[in-house]
2 protein chains.
Amino acid sequence: MIAARRKPSAELSREVILDAAAVRLAREGSCGMSMRDLAGTLGCALSSVYNHFPSKDVLLQELQERAFETLTASARRAMEGASGTSGRLYLFITNHVRYVVDHRDVMSVLVHEAGRLGPEGRARVRARKEAYFGIAHALVAELCSAGPDRASQVAVERLTYHLFGMLNWLWGWYVPDRHGEVALVAGDIYALLLARAGPLPPAHPTPEAP
Amino acid sequence: MIAARRKPSAELSREVILDAAAVRLAREGSCGMSMRDLAGTLGCALSSVYNHFPSKDVLLQELQERAFETLTASARRAMEGASGTSGRLYLFITNHVRYVVDHRDVMSVLVHEAGRLGPEGRARVRARKEAYFGIAHALVAELCSAGPDRASQVAVERLTYHLFGMLNWLWGWYVPDRHGEVALVAGDIYALLLARAGPLPPAHPTPEAP
DNA sequence: TCTTGTTGTACGAGCGTTCGTTCGGCCAAG
DNA sequence: CTTGGCCGAACGAACGCTCGTACAACAAGA
């Protein structure tokens, strides 16, 4: 009698919950977001969230897993557009930059809450992350035509980490309207990497003597 | 009679508390570290911590303020060793890399908990951060001999952000024993930047057509 | 030298609040 | 009538923080 308590339009689902969780997590951190706040954002009861996820940890873990899978899949799809190594790298970078712009909240969670999981969840997420990292690593290695010696291997690894440093830092500052469109930023990072990536490693550069 | 409850060797001070807090904060995040845990780590009572800091927020804020002041001061001191722009940039980078190695915990806090403050504390920390950012920004601008036009300005800003992306990402992966000593990594980043930084901006590089 | 008052730091106990999670019942769709 | 999704209510635990107190160190007056 007292009107319908059920909201027929709600359509509560795992996807909807994950999307809302990403927003709150990005804004307040994994420990700052309470399950009550999340339920409030969703306009449903606290226990309804627990009908779809058995715990907060699982929710956080699934969010990260999906993000890395989406990222990996979209990267592979994007790279089909080019055959050469440098072209594929450019498309990889562009895809990542676009992902940061389109899913800033998720990206923030990926950067901040990586280690806030149990050992089992962390392992699952890490596997996805390494798969994604591996794509870029292989491209950089090809681009540097790195030898099998340890020095070259480590140099390539460092270069790949630097690439991800630039890419992952974007969430903290990049605003397309202020800093230029996606293609511009992607071009920046691509150019930085390409200018450096020749036969590696050149002698360690010591600038003009102190 | 019941023996001395006071620990004469404890010497609880703000410095000691901040150091311990950095370790816990890096491991568990600002919301994961409880004041009780911190007191436990210090081997003192919870209320004793509150004798030195009025609140958790103030503690977190002071930790970040001190970190940026230390970072800025050590950068200025390090850069006195060179006169040219590129030499100063190299020393700036080296100083930052060394700081990450020596104060990994603090660095982790700086990256993760930047936005977890009240509006007033955030403003104070931001001011310090911008002072530090400004040093690198000026160096990059000089190095690029950037013109006053908006396109150049934005390009320099992007380049500076990319520099900090590489530098700040270090905390997550860099292990000197595995990836080479500080001078090697600093040389990497320096070379990446220098190879790119000429008269800016060169035409946007579109790699071989898709 | 002894006493006395003040100050700074440490302490245990406990305040009110919020956390993640659970549970039993209700209601509409099948 | 069954069932799956949703709800309000409540659990114990942990949270940030405060309170009144206790003890050492020091300075001044006697």
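Quick caveat: nothing in here was measured; it's all calculated off a predicted structure. We name chains A, B, ... by the order of the sequence lines, and we start the count at 1 in each one. All heavy atoms count here, side chains included; hydrogens, waters and symmetry mates do not.
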salt_bridge([X], [Y]) N-O dist < 4.0 Å:
{"X": "A:E62", "Y": "A:R124", "answer": "no"}
{"X": "A:E80", "Y": "A:R88", "answer": "no"}
{"X": "A:E157", "Y": "B:R178", "answer": "yes"}

Contact residues, residues 116-125 of chain B to DNA chain C [heavy atom, < 4.0 Å]: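 Contacts with DNA chain C under 4.0 Å: none.
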Using whole Å, what does the distance between atom [atom2] of nucleotide [N] and atom [atom1] of [X] come to?
{"X": "A:K56", "N": "C:dT22", "atom1": "NZ", "atom2": "C1'", "value": "17 Å"}
{"X": "B:L46", "N": "C:dG12", "atom1": "CG", "atom2": "P", "value": "10 Å"}
{"X": "B:D37", "N": "D:dC17", "atom1": "CG", "atom2": "P", "value": "15 Å"}
{"X": "B:R14", "N": "C:dT9", "atom1": "CZ", "atom2": "P", "value": "10 Å"}
{"X": "A:H52", "N": "D:dG5", "atom1": "NE2", "atom2": "P", "value": "7 Å"}
{"X": "A:Y50", "N": "D:dG5", "atom1": "OH", "atom2": "P", "value": "18 Å"}
{"X": "A:N51", "N": "D:dG8", "atom1": "CG", "atom2": "C1'", "value": "13 Å"}
{"X": "A:Q61", "N": "C:dG20", "atom1": "CD", "atom2": "P", "value": "17 Å"}

Answer yes or no: does atom CZ of A:R66 have more than 12 heavy-atom neighbours from other residues, nucleotides or ligands under 6.0 Å? yes
Out of the candidates B:T85, B:L163, B:L193, only one should pair with B:L139 under the side-chain contact (heavy atoms from CB on, under 4.5 Å) rule; please name it. B:T85
Residue of the set A:W171, A:W173, A:W169 for which ring-ring contact (aromatic ring centres under 6.0 Å, His included) holds with B:Y161: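 The residue from A:W171, A:W173, A:W169 that satisfies ring-ring contact (aromatic ring centres under 6.0 Å, His included) with B:Y161 turns out to be A:W173.
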Under 4.0 Å, heavy atoms only, any strand: does A:S34 hit a base, just the sugar-phosphate, or nothing?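 It contacts sugar-phosphate atoms only.
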Do B:F68 and B:F133 make the cut of ring centroids closer than 6.0 angstrom? no
Of the candidate nucleotides [options], which contains the atom at the shortest distance from the side chain of [X]?
{"X": "A:M35", "options": "D:dC7, C:dT21, C:dG12", "value": "C:dT21"}
{"X": "A:R36", "options": "C:dC19, C:dG12, C:dT9", "value": "C:dC19"}
{"X": "A:S48", "options": "D:dC7, D:dC15, C:dG20", "value": "D:dC7"}

Closest-nucleotide mapping onto DNA chain C: is A:G32 or A:P54 further toward the 5' terminus? I mean the 5' end.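 In this pair, the answer is A:G32.
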Donor-acceptor pair present, A:S55 side chain and C:dG20 base, under 3.5 Å: no
